[in-house]
Amino acid sequence: MTQRKAITALAAMVLGLTSLAMAADNDAINLLKTTGALDRLAQESGVYHASSTGKTPGFIVDPSWPQRLPHNWMIGQVGGLYVDKHDHIWVYHRARSLTNDEAGLEGPVPGATNEKGQPVNGIGQARQYGTITDCCKAAPAVLEFDVDGKLLRSWGGPSDPGFLGGKCKVEAGCIWPNSEHGIYVDQNDNVWLSGSGAYNPKANMPWATNKEGGDGLILKFDMDGNFKMRIGGTPKGPNSNDTNGGINGTPQTYLSADMVVDPATNRLYVADGYGNRRVLIVDANTGKYIGHFGAYGNNPVDDAGAKAAGTWIDDAAKGNKKPAFFRNPVHCVKIADDGKIYVCDRGNDRIQVFDKNSPELGKACSNPTGQPGKCGFVAERFVSDHTNIIGTAVSMNFSTDKAQSCLYIGDNANMAIYILNRSNLEELGRFGHSGRAPGEFHWTHQVSVDTKGNLYTAEVDTGKRLQKFLRYGATGCSGTGSTTVGGVLEK
């Protein structure tokens with residue numbers, strides 16, 4: 001029954017997309033049905049390891065999403081992805097991650113050469129004979145799609161000719177980051193961007209941007225890419241307790257990964273990040289410091305102690321199963337409608353939950369043993385905590401039923417999306433596997449949800465891919481499942 005619902009959902013999508021096409025397209029649709037292709041797609045991309053005592057939405061991948069980009073554009077590694085209140089999907093990608101063949105249409109930049117004296121393109125790839133293939137070139141860094149995958153808007157970064165020095169002027173405070181990471185669109189349609197590139201004094205490609213230091217900044221734009229504000233600056237190292245070291249007395253971040261604005265208070269929460277080990281809280285209008293917290297709500301954050309402790313897997317082997325600090329990267333921060341704040345402590349293979357209404361959260365507070373109810377800390381859940389590469393909990397989002405009863409957690413290392421009952425943090429099922437077929441992942445990096453409950457994902461590394469998963473059946477989650485999230489099993 002579940003698989004039939006999935007096939008029906010996908011078939012309806014296909015028919016909707018082709019309703020204005022020629023009648024011959026119906027032959028292709030019928031072929032997909034009669035050959036079993038839709039059945040196999042539903043089986044391979046659907047929810048598995050489902051709890052017998054729980055209930056979740058069903059999902060099936062839409063392999064037609066997004067539509068082909070214009071102008072021979074191609075996206076690179078996707079740093080950020082977010083679905084706004086208009087159900088528009090915002091993508092923030094790394095043009096400078098395109099390989100030589102992917103950027104074959106990127107011709108030489110006038111006057112730019114490599115150490116051999118050869119002309120190079122913006123990424124620094126040799127172009128002594130001009131372009132090298134019939135496709136492709138880098139799209140602008142920020143892309144806006146509708147739910148059908150149609151490109152609506154694009155701007156930003158060195159791959160957008162004239163943007164740097166135009167809408168983004170250094171003298172106005174706009175410094176484009178070394179490595180594009182998080183994107184968020186707030187309730188007022190402001191577009192927030194972060195960067196995760198460390199200081200690299202040897203960066204000499206024509207498209208190199210922040211040459212003064214690491215990405216210790218958050219940028220605020222309108223939806224057309226007009227610059228509005230910068231928080232932070234260009235530090236050369238971490239300081240998880242900085243409060244005012246950036247531009248106009250704003251705090252320095254360091255290699256921040258994600259952000260979210262609480263519409264009730266207009267506070268911006270920043271997952272800070274790949275260098276720092278905290279969640280930073282600032283005023284979204286002024287960028288001025290309000291507070292910050294580390295694991296279990298601890299403030300101040302002990303950067304030196306965290307660094308000395310080494311990796312999660314080494315520390316856990318010594319018996320430290322409840323580290324009192326976030327390990328890099330602190331990769332996501334999300335706020336549920338009930339006031340709970342969810343943080344991806346990717347370096348520790350876990351998520352932590354906090355209460356935004358706690359008067360202790362963000363202020364000086366000590367909670368080294370992780371006592372719930374203290375320093376704003378609520379709960380935690382480890383995610384495939386035996387994993388020994390790059391960390392697991394990479395991104396999160398909520399189902400769109402009134403209770404936001406499902407918590408979707410992306411696992412960057414094990415290439416899966418876990419579905420948890422948000423009320424008890426128990427796993428009710430999962431979907432996705434490591435691979436490059438539709439519905440599979442390679443370095444899952446971002447998870448976001450539209451108002452219909454459809455789920456969107458983005459990948460980094462060689463994946464460089466966007467995917468849409470159509471929701472069907474239940475709108476939310478209920479019941480019990482496994483208190484162990486992740487782990488090896490057969491699909």
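Only this structure's heavy atoms are used, side chains among them; waters, hydrogens and symmetry mates stay out.
- Checked by atom type and distance alone, the side chain of Ser159 pairs as donor or acceptor with a backbone atom of Ala139 at under 3.5 Å.
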Q: Applying side-chain contact (heavy atoms from CB on, under 4.5 Å), run through Tyr184 and Asp186 and close with a yes or a no.
A: CA-CA 6 Å; Tyr184 177 77; Asp186 68 21; 3.6 Å; yes
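- Distance CE/Met259 to CD1/Ile218: 5.5 Å, rounded to 0.5 Å.
- Heavy atoms from other residues, nucleotides or ligands lying under 6.0 Å from NZ of Lys150 number 12 at most.
- Of the possible donor and acceptor atoms, none in the side chain of Arg40 sits under 3.5 Å from a partner among the backbone N and O of Ala42.
- Ionic pairing of Glu180 and Arg94 is not present here: no N-O contact between side-chain nitrogen and carboxylate oxygen is shorter than 4.0 angstrom.
- In this structure, Arg127 and Ile132 have side chains that are in contact, with non-hydrogen atoms separated by less than 4.5 Å.
- A salt bridge links Asp224 with Arg153: the closest approach of a Lys/Arg side-chain nitrogen to an acidic carboxylate oxygen falls below 4.0 angstrom.
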(Q) Quick one, Thr209 with Arg96, criterion side-chain hydrogen bond (donor to acceptor under 3.5 Å, both in side chains). Give me CA distance, side-chain angles, the key distance, then yes/no. (A) CA-CA 11 Å; Thr209 48; Arg96 291 166 286 191; 3.0 Å; yes
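- Between Asp87 and Lys452 there is no salt bridge, since no side-chain N of the basic residue sits under 4.0 Å from a carboxylate O of the acidic one.
- Residues Asp160 and Lys167 are not paired through a salt bridge, judged by the lack of any N-O separation under 4.0 Å between the basic side chain and the carboxylate.
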Q: Might you work through the side-chain contact (heavy atoms from CB on, under 4.5 Å) test for Asp222 and Lys228, ending with a clear yes or no?
A: CA-CA 7 Å; Asp222 69 14; Lys228 301 181 75 172; 4.2 Å; yes
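- With Gln77 contributing its side chain and Val460 its backbone, the two residues share no donor-acceptor pair below 3.5 Å.
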(Q) Run the side-chain contact (heavy atoms from CB on, under 4.5 Å) test on Ile341 and Val333 for me, step by step, so that the C-alpha distance in whole Å, both residues' side-chain angles and the decisive distance to 0.1 Å come before the verdict. (A) CA-CA 7 Å; Ile341 299 172; Val333 58; 3.7 Å; yes
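- By the 4.0 Å N-to-carboxylate-O rule, Asp262 lies too far from Arg267 to be salt-bridged with it.
- When the shell of 6.0 Å around CD of Gln187 is examined, it contains more than 12 heavy atoms from other residues, nucleotides or ligands.
- Within the 4.5 Å cutoff, no side-chain heavy atoms of Phe293 are placed close to those of Arg278.
- The pair Arg277-Asp303 meets the salt-bridge criterion, since a charged nitrogen lies less than 4.0 angstrom from a carboxylate oxygen.
- With Lys464 contributing its side chain and Met74 its backbone, the two residues share no donor-acceptor pair below 3.5 Å.
- Scanning both residues, Gln125 and Leu98, for their nearest heavy atoms gives NE2-O, 3.1 Å.
- Using a 30° and 60° split on the angle between ring planes, Phe221 and Trp155 fall in the tilted class, from 30° to 60°.
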Q | Audit row: Asp338, Arg422, side-chain contact (heavy atoms from CB on, under 4.5 Å) steps and yes/no | A | CA-CA 11 Å; Asp338 61 7; Arg422 195 168 69 89; 3.1 Å; yes
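- When all heavy atoms of Ala271 and Val330 are compared, the pair lying nearest together is CB-O, 3.5 Å.
- Of the possible donor and acceptor atoms, one in the side chain of Asn210 sits under 3.5 Å from a partner among the backbone N and O of Gly214.
- Using a 4.5 Å heavy-atom threshold, the side chains of Ser194 and Val270 count as separate.
- In this structure, CG in Asn328 is found 12.5 Å from OG1 in Thr311, a value given to the nearest 0.5 Å.
- A side-chain donor-acceptor contact under 3.5 Å links Thr392 to the backbone of Val383.
- Of the candidates Trp65, Phe469, Phe59, Tyr456 forms a ring pair (Phe, Tyr, Trp, His ring centres under 6.0 Å) with just one, namely Trp65.
- At a threshold of 4.5 Å between non-hydrogen side-chain atoms, the residues Gln446 and His181 count as touching.
- Of the possible donor and acceptor atoms, none in the side chain of Asn397 sits under 3.5 Å from a partner among the backbone N and O of Tyr408.
- Shortest non-hydrogen contact noted between Val191 and Met223 is CG2-CA, 4.0 Å.
- The shortest non-hydrogen separation linking Asp258 to Lys334 is OD2-NZ, 3.2 Å.
- To the nearest 0.5 Å, atom CD of residue Glu427 and atom CG of residue Asn421 are 12.0 Å apart.
- How far OH of Tyr342 is from CD1 of Ile335: 11.5 Å, rounded to the nearest 0.5 Å.
- Although no hydrogens or angles enter the test, the distance criterion places no donor-acceptor pair under 3.5 Å between the side chain of Asn348 and the main chain of Arg350.
- Here the side chains of Val449 and Phe398 are not in contact, with every heavy-atom distance at 4.5 Å or above.
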Q: Given salt bridge (charged side-chain N to carboxylate O under 4.0 Å, His left out), test Asp411 with Arg430 step by step and report yes or no.
A: CA-CA 10 Å; Asp411 184 337; Arg430 64 183 76 167; over 6 Å; no
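- In this structure, CD in Glu459 is found 8.5 Å from CE in Met415, a value given to the nearest 0.5 Å.
- In this pair, Tyr92 and Trp176 present their aromatic rings perpendicular. The plane angle is above 60°, beyond the 30 to 60° band.
- Classified by interplanar angle (parallel below 30°, tilted 30° to 60°, perpendicular above 60°), the ring pair His331/Tyr274 is perpendicular.
- His445 contributes no side-chain N or O that, together with a main-chain N or O of Ala458, makes up a donor-acceptor pair within less than 3.5 Å.
- A heavy-atom distance below 4.5 Å is found between the side chains of Leu193 and Ile183.
- Proximity of Thr234 to Ile175: side-chain heavy atoms (C-beta onward) are separated by under 4.5 Å at one or more points.
- The side-chain heavy atoms of Phe325 and Ser240, taken from C-beta on, include no pair separated by under 4.5 Å.
- For the pair Gln467 and Ala437, the tightest heavy-atom approach, listed with the atom from each and the gap, is OE1-O, 4.4 Å.
- In this structure, Glu440 CD and His433 NE2 are separated by 8.0 Å, a value rounded to the nearest 0.5 Å.
- Checked by atom type and distance alone, the side chain of Ser395 never pairs as donor or acceptor with a backbone atom of Gly410 at under 3.5 Å.
- At most 12 non-hydrogen atoms from other residues, nucleotides or ligands lie less than 6.0 angstrom from NZ of Lys307.
- Checking Ser478, Ser423, Ser399 one by one against Ser405, the side-chain contact (heavy atoms from CB on, under 4.5 Å) holds for a single residue, Ser399.
- Minimum interatomic distance between Ile231 and Trp192 (heavy atoms only, all atoms of both residues): CD1-CZ3, 4.0 Å.
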Q. Between Asp385 and Lys321, is a salt bridge (charged side-chain N to carboxylate O under 4.0 Å, His left out) present by the stated rule, with each step listed?
A. CA-CA 10 Å; Asp385 61 0; Lys321 300 296 181 71; over 6 Å; no
